[in-house]
2 protein chains.
Amino acid sequence: MADIKDVARQAGVSISTVSRVINGSKAVSDELKMRVESAINELGYRANSVAQGLKASKTNKIAIIITSVSRTFFTSVIEGANEVAERLGYSLLIAETHDKLDREIELIESFVSQWVDGIILASSAYAHDARTLQYIQRLESLEKKGRRIPVITLEYAMDSRYIDAVVIDYEKAAYDATSYLLKLGRRKIAHISLPKNHRIGRMRIAGFERAHEEFGVPYDPSHIIAGDYTTYSGYQVARNLIEEKHDIDAIFCANDQMAVGAIKACEELEVPVPEQIAIVGNDDIFAASIVSPSLTSISVPKYEMGAAAMRRMHEILQEDAAKHLRQIITLSTAFEERESTLKTAKHSLKYLEW
Amino acid sequence: MADIKDVARQAGVSISTVSRVINGSKAVSDELKMRVESAINELGYRANSVAQGLKASKTNKIAIIITSVSRTFFTSVIEGANEVAERLGYSLLIAETHDKLDREIELIESFVSQWVDGIILASSAYAHDARTLQYIQRLESLEKKGRRIPVITLEYAMDSRYIDAVVIDYEKAAYDATSYLLKLGRRKIAHISLPKNHRIGRMRIAGFERAHEEFGVPYDPSHIIAGDYTTYSGYQVARNLIEEKHDIDAIFCANDQMAVGAIKACEELEVPVPEQIAIVGNDDIFAASIVSPSLTSISVPKYEMGAAAMRRMHEILQEDAAKHLRQIITLSTAFEERESTLKTAKHSLKYLEW
DNA sequence: AAACGACTTGCAAACGTTTTCCTGTTGGCT
DNA sequence: AGCCAACAGGAAAACGTTTGCAAGTCGTTT
């Protein structure tokens, strides 16, 4: 692969001149400029961005840490982030933690040593352990030689004056969904929640409870049952609820996978949905549109979250490091009403995204 | 962020010694080694991999080019590739073409200038244009300074003596699926194929035809109809076939999205599946398990494709560039029988992957 | 006792850029 | 015609590593 010296030799100029032509950083006479440009074309030269990175202390790479690419949530986030990244001239580095906290800090360290320009941390819905937080905060204080690696978290905001975040008001979304069921006249609503301690799970429970309180409808705390994200767990919990003759007329699920499981349980036990039990999911994954009955769900602007994080990252990188002021961007959810709560709800296959 | 000079100063040694301690490349006395190690810990030093990359002409980054992360096929490929990459110490760079050939060559050029160690090209199911092929072949001839960037294509093999590939025998998979339907006694099988020219689409058609020939069953060429990947197109084609009273008893679809559309069309027109029309999809995406009736589908080892490509990439990078001998790795498909062809077929929700 | 080998360490070059500093040339103004 | 400013272009330093080479210190062998 040709380097800048080859180009300089071919064009009969110094490497400084070649660099200037490429970057337009200083005037070069038309004569030389032409010679350089044709040399570049002949050799198919492109500047080595590793060397550029070393010189500029800047790699134009942004890392995004997720738990797994196979979770559709992250897939959309990545898409949003990548779309914006491409437009702004960054490359995206992706890494998965598979929910291991150790792995997370390891990845962050590795990205730091790779000199990525910034890190989008979309992985930890659980609380971080102290080490991660400490490490990340250290990143913010890297003022030496003007280097610093901004971190933006997704879905939740760290307790820090420095780390930006893009979040969703999950409490409100759960509140809205619960209110919606209450307005439909449902009075015995069960909630299949996320595993204990999951902070988003807790926000959903809070919204669920607040809606009941504000509507003056009592609820049975034993009807808030933790699932483990999976379809099968939703299936099991719902099946138990029904078989043990708990008196319920709606199930609000903390994700769509579990909601699909609940639908399957009702189907097997011949409980009509939505007539006897209405079901609401969370996340509006693709499958929500194609199960039968189709699933009413809360739609999280996943793509937009990734895009917003990347836009914000760019802003931060542009501004003076010393002036950085933390910002928390809150995005809202949408509500997709489908057949699992309203028999006549219609939706079109036409615009499905896979 | 501390650099190697800081460590050297702190430990009172030269930077060469620090480097040797880090890499274990040459014996260092215990005394100095200890001093260096504690300096490293105190400063939280990690070698800058940009500088290392420049020195070694090697970045330990592998790029993977796909059409879109939102397609579950690629998601699984990425997972397989990433799993192996992590184990072998590579980072993964991801880029999307969104099916634009121009974008593809642009991305390859950009990755070359970023000095990635290798490129996995999973994007182009359509034929590449001449430019891309030409460019990629140029990559293979980069012997100067021992640099060369191996390319591995996924799903199809280029007409080149140099470019490795990981492929699927789609013709055989389609043959098997069609034979299966014929053995079930179906005699009027329609095929919703991919857009013209799509090479994988053509392989599926070939398998479809070969099965008919070998079974001595004639088929109606007008029942091979191109869809455009989408659920909606599957829906439309199936709906037309039924409404126009074409005499069919099975539909073999070139992907699951279209198969789901076909199922929805049958549902709307009250054609029982599988009693009147059996439906087989391709790819075994997640949704195949949860539609009702669940969808019989050909399962492509997506994860394994990514993993195999990455393993092969590692092999190539280890071997002597001059000795490189192209290899084409062919993986086989599995067949998932479900309710859309056999009413009593059962599958469990338990092990669903999302 | 002299010489040689083994081992440890440091110096400096190199990787491919960008950019500062400097020199030489041109052109405009008086 | 003489000066100065403006400009074009080259040489060289710098970014953070790794590594070949030289030099120094031992210990061992003849």
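Chain identifiers are assigned alphabetically (A, B, ...) following the order of the sequence lines, protein sequences preceding nucleic acid strands; residue numbering begins at 1 within each chain.
For Gln52(B), no side-chain nitrogen or oxygen approaches OP1 or OP2 of dG16(D) to under 4.0 Å. For the OP1/OP2 pair of dT18(D) and a distance below 4.0 Å, the side-chain nitrogens and oxygens of Lys26(B) include no atom meeting the criterion. Between Ser19(A) and dT18(C) there is a side-chain polar atom (N or O) within less than 4.0 angstrom of OP1 or OP2.
A salt bridge is defined here as a Lys NZ or Arg NE, NH1 or NH2 lying under 4.0 Å from an Asp or Glu carboxylate O, and Arg35(B) with Glu31(B) meets this definition. A salt bridge links Arg311(A) with Glu304(A): at least one charged nitrogen is closer than 4.0 Å to a carboxylate oxygen.
One interatomic measurement links the two molecules: CG of Asn48(A) to C1' of dC15(C), which rounds to 9 Å at whole-angstrom precision. Going from atom NZ of Lys5(A) over to atom P of dG10(D) covers 16 Å, rounded to whole Å. Distance Leu54(A) CG to dA13(D) P: 17 Å, rounded to the nearest Å. Rounded to whole angstrom, the span from the CD1 atom of Ile15(B) across to the P atom of dA13(C) amounts to 13 Å. Between the C1' atom of dT17(D) and the CG atom of Asn60(B) lies a distance of 14 Å, rounded to the nearest Å. Taking atom CD1 of residue Ile4(A) and atom P of nucleotide dT17(C), one finds them 5 Å apart after rounding to whole Å. Nucleotide dA14(D) holds its P atom 14 Å from the CG atom of Asp3(B), rounded to whole Å. Regarding Arg46(A), its CZ atom lies at a distance of 13 Å from the P atom of dT18(C), rounded to whole Å.
For Glu106(B) and Ser110(B), the side-chain atoms include no donor-acceptor pair closer than 3.5 Å.
Within 6.0 Å of the CG atom in Asp30(B), the count of heavy atoms belonging to other residues, nucleotides or ligands does not exceed 12. Few gaps surround CG on Asp320(A); more than 12 heavy atoms of other groups in view lie less than 6.0 Å from it.
Looking at heavy atoms from C-beta onward, Glu96(B) lies in side-chain contact with Glu79(A) at the 4.5 angstrom threshold. Counting heavy atoms from C-beta on, the side chains of Val84(A) and His314(A) never come closer than 4.5 Å. Counting heavy atoms from C-beta on, the side chains of Ile120(A) and Val77(A) never come closer than 4.5 Å.
Within the 3.5 Å criterion, the main-chain N or O of Glu104(A) finds no donor-acceptor partner in the side chain of Thr97(A).
Contacts with DNA chain D (heavy atom under 4.0 Å) in residues 28-36 of chain A: Val28(A), Ser29(A), Leu32(A), listed by number.
For the helix from dA1(C)-dT30(D) to dT30(C)-dA1(D), the rotation axes defined at the first and last 5 base pairs enclose an angle of 60°, given to the nearest 10°.
Mapping Ala27(A) and Ser16(A) onto DNA chain D by nearest heavy atom places Ala27(A) at the nucleotide closer to the 5' end. Residues Asn23(B) and Gly12(A) both approach DNA chain D. Their nearest nucleotides, taken by heavy-atom distance, put Gly12(A) toward the 5′ side.
Here dT17(C) is the nucleotide among dT17(C), dT17(D), dG16(C) with the atom lying nearest to any side-chain atom of Tyr45(A).
Looking at Thr17(A), its side chain has no donor and acceptor atom pair within 3.5 Å of the base of dA8(D). For dT20(C), its base sits under 3.5 Å from the side chain of Arg20(A) at one donor and acceptor pair at least.
In this structure Ser76(A) satisfies the side-chain hydrogen bond (donor to acceptor under 3.5 Å, both in side chains) test with no other residue, sequence neighbours excluded.
Backbone-only contact: Val13(A) has heavy atoms under 4.0 Å from sugar-phosphate atoms and none from a base.
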